[in-house]
Participant: 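Provided herewith is a single structure, encoded as structure tokens, for subsequent inquiry.
Within every chain, numbering begins at 1; the chains are lettered A, B, ... in the order of the sequence lines, protein sequences first and strands thereafter. Computed from heavy atoms alone, side chains included, the values below leave out hydrogens, waters and symmetry copies.
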Amino acid sequence: VKYLDEYRDAAGSRRLLDEVARAVTRPWTIMEVCGGQTHSLLRSGIDTLLPASLTLVHGPGCPVCVTPVEQIDKAIEIALTPGTILATFGDMLRVPGTGRDLQTARAAGADVRMVYSPTDAVRIATENPDREVVFFAVGFETTAPTTALAVLQAERADARNFTLLVAHVRVPPAMGVILDAPDNRVQGFLAPGHVCTVMGFTEYEDLAARYRVPIVVTGFEPIDLLQGILQCVRQLENGRFEVENAYARSVRRQGNESARGLIDRVFEVSDRAWRGLGCLPGSGLSLRPAYAAFDAEARFGRVRAEGATEAGECIAGLVLRGLKKPHECPAFGTRCTPEHPLGAPMVSAEGACAAYERYRRGR
Amino acid sequence: MSGFACPAPLGAHEKILLAHGGGGRLMHDLLERVFLPSFDNPALAERHDGARLDLAGTTLAFTTDAYVVRPLFFPGGDIGRLAIHGTVNDLAMCGARPLWLSAAFILEEGLPVECLERVVASMRAAAAETGVSLVTGDTKVVDRGKGDGLYVTTAGIGAIDPRAPAIGPSSVRPGDAVILSGDVGRHGIAILAAREELALESTVESDCADLSRPVLALLDAGVEVHCLRDCTRGGFATNLIEIAQQARVDVAIEETRVAVEPAVRGACELLGLDPLYVANEGRMVCFVPEAQAARAVEVLRGFAACAGAAIVGRACDAGAGLVTLRGALGASSVLDMLSGEQLPRIC
């Protein structure tokens, strides 16, 4: 981890900030797709150090944020089914469903376990053969390989009490939807470095060509982010629209073949609903028919979330598409706080609203 | 606390959540809406780590703390050592010399006696280290499955040092230096790594340690200590924000001066945690006049537990109690109190 320090170097960051300032001659709007990038930008204060004519808007790359209310409601209903253990990532516990969240379900008696890896959920299943163990699988292409691995482990262990509530999503279709919108203001993208580590960036080459938009694959440390911003600005200034890789220490064009192989083996591309964006064709991953036995929605057949509703005031959809910034929401910091969130972006460690609440409070 | 007032009533959470015990804002809600109004009195209203009580010419510090950590034994400590040092440190944060402790044990049916003996031996050693006597106690046993093996509650009485009668947030002055007694985040990460459900391999040891001797040494050295707080639940950031808000003084911290062990930083990167919010059990912040700060750091560094002591920031002007963190790039961000649980049941 020492390795990261050179990507946080202050002198190097200042040099890049100067270069960005020199490169910018016109106003530009760039979206960093991933919520991890948003938090890093706000935490280091890079957003406040850039030229005023350069606007960063925050993208939909927060898996917890884009998981729709219906899926949260389904997870809560499964968790409250007697004899069931629901395992998921810590962030999901506080994401509001319709009127409640998983941590209040836990206080009401549901057995909800926080895990750091889907394979831990398989272990819970093998240790509790008389219980149904459901892993609530959220995340982009980054977490999908470990979810796939968990399915294969469960198959090998013959853990028939293990199922998945799948809410995996894919980044490129969401970028397409943002670019298709008539009110779109995004002119360039910092593509998510972790997703590209798994998937490579050939899908982004199609996007760049189709929408004539520059896309720079970007990492998460200050130097990485500034390098990505600089390359994106240079493309915009020169009228280029290519995919460039500013995160070469992690990302190869073809991605990680074995991780992609795991995804392909277990999942197939499907349509999926996103919070705030609606149902996007081809934007999700669902279990292939060969693994249908691991589908929690099939196992708990009666699970349905009727009347799932978002909190009326939450503008998550606008925030996730880069049309509004968190502090432009009338409920921000008043009726919507991390303790009593109206929407997921106020909860997640990658949510844009949480980042503004955390690093820009009092400004 | 007005800056962090929460508009929604506590009733929005009708049941206690694990997050209410996390040391963050939800716990503060609980204190302000349930406990403080019910037991309103001047000693409680000070909201210090311990109560300050006058008794026939002597000022006593009185504190209590319950320990429910899981697992009971972890790298760098165990529940017994924690139960002694935690309460002793709370007394020390009032500027008190720790004198007497009580201990109440809640044991779960089926707990191996050998395990209890190990915990008690550890308590005896920790008490001897700090020169405090365990003078009274209680034992209860609950049904199997109704407790995690063993819980301990300790209470402590100490004599407030007459040289430091008013250590606390109200004594913080603009211009004070903020000293942090060492690197942050060890305890929380050590506990997390010791949990069997996380296959996280780590060599991080808890920083669990006595802070009473370093505090008394500061007083012996003539340092005019204004405020002390051990950075337990909620970590360095949340505890600092508590002081700033109670003192109504803004505080500026230099991020590059706050030490974090590479192994702790690595684990935090991996798990998405911020080391400034991860719990410690042997770290404190000290507010002292700027002119005495270098001397204070020198005194603290004489103790193994405070070998990494450093000036990390300063109290600025009177204000709402905003704590800002100036990063390596020179940009400042506002530090916010931990919301809810970062890691459950760590002490």
Participant: Please report the shortest heavy-atom distance between A/G45 and B/A331, naming the atom on each side.
Facilitator: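 That would be CA-CB, 3.6 Å.
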Participant: Shortest non-hydrogen contact from A/S13 to B/L329?
Facilitator: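 Heavy atoms of A/S13 and B/L329 come nearest at CB-CD2, 3.0 Å.
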Participant: Are there more than 12 heavy atoms of other residues, nucleotides or ligands under 6.0 Å from atom CZ of A/R113?
Facilitator: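 Buried by this count: over 12 neighbours within 6.0 Å.
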Participant: Taking side chain as everything from C-beta outward and backbone as N, CA, C, O, which of these in A/R43 sits under 4.5 Å from a heavy atom of chain B? Side chain, backbone, both or neither.
Facilitator: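 Its backbone and side chain both get close to chain B.
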Participant: To the nearest 0.5 Å, what is the distance between OH (A/Y116) and CZ (B/R195)?
Facilitator: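 Those atoms lie 9.5 Å apart.
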Participant: Report yes if some heavy atom in the side chain of A/T104 is under 4.5 Å from a heavy atom in the side chain of B/K15; otherwise report no.
Facilitator: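 No, every pair of side-chain atoms sits at 4.5 Å or beyond.
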Participant: Any side-chain heavy-atom pair from A/R8 and B/T256 closer than 4.5 angstrom?
Facilitator: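 No. Closest side-chain heavy atoms not under 4.5 Å.
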Participant: Answer yes or no: is there a side-chain heavy-atom contact under 4.5 Å between A/Q103 and B/L18?
Facilitator: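 No, their side chains stay 4.5 Å or more apart.
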Participant: Within 45° of the ring axis of B/Y277 and under 6.0 Å from its six-membered ring centre, is that where the NZ or CZ of A/R358 lies?
Facilitator: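 Judged by the rule (NZ or CZ under 6.0 Å from the ring centre, within 45° of its axis), A/R358 counts as positioned above B/Y277.
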Participant: Applying side chain to side chain contact (heavy atoms under 4.5 Å, CB included), name anything that partners A/L42, two or more places apart in sequence or on another chain.
Facilitator: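 Expected list: A/T38, A/D47, A/H58, A/A355, A/Y356, A/Y359, A/R360.
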Participant: Measure the CG-CZ distance between B/L26 and A/R94 for me, rounded to the nearest 0.5 Å.
Facilitator: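 Going from the CG atom of B/L26 to the CZ atom of A/R94 covers 8.0 Å.
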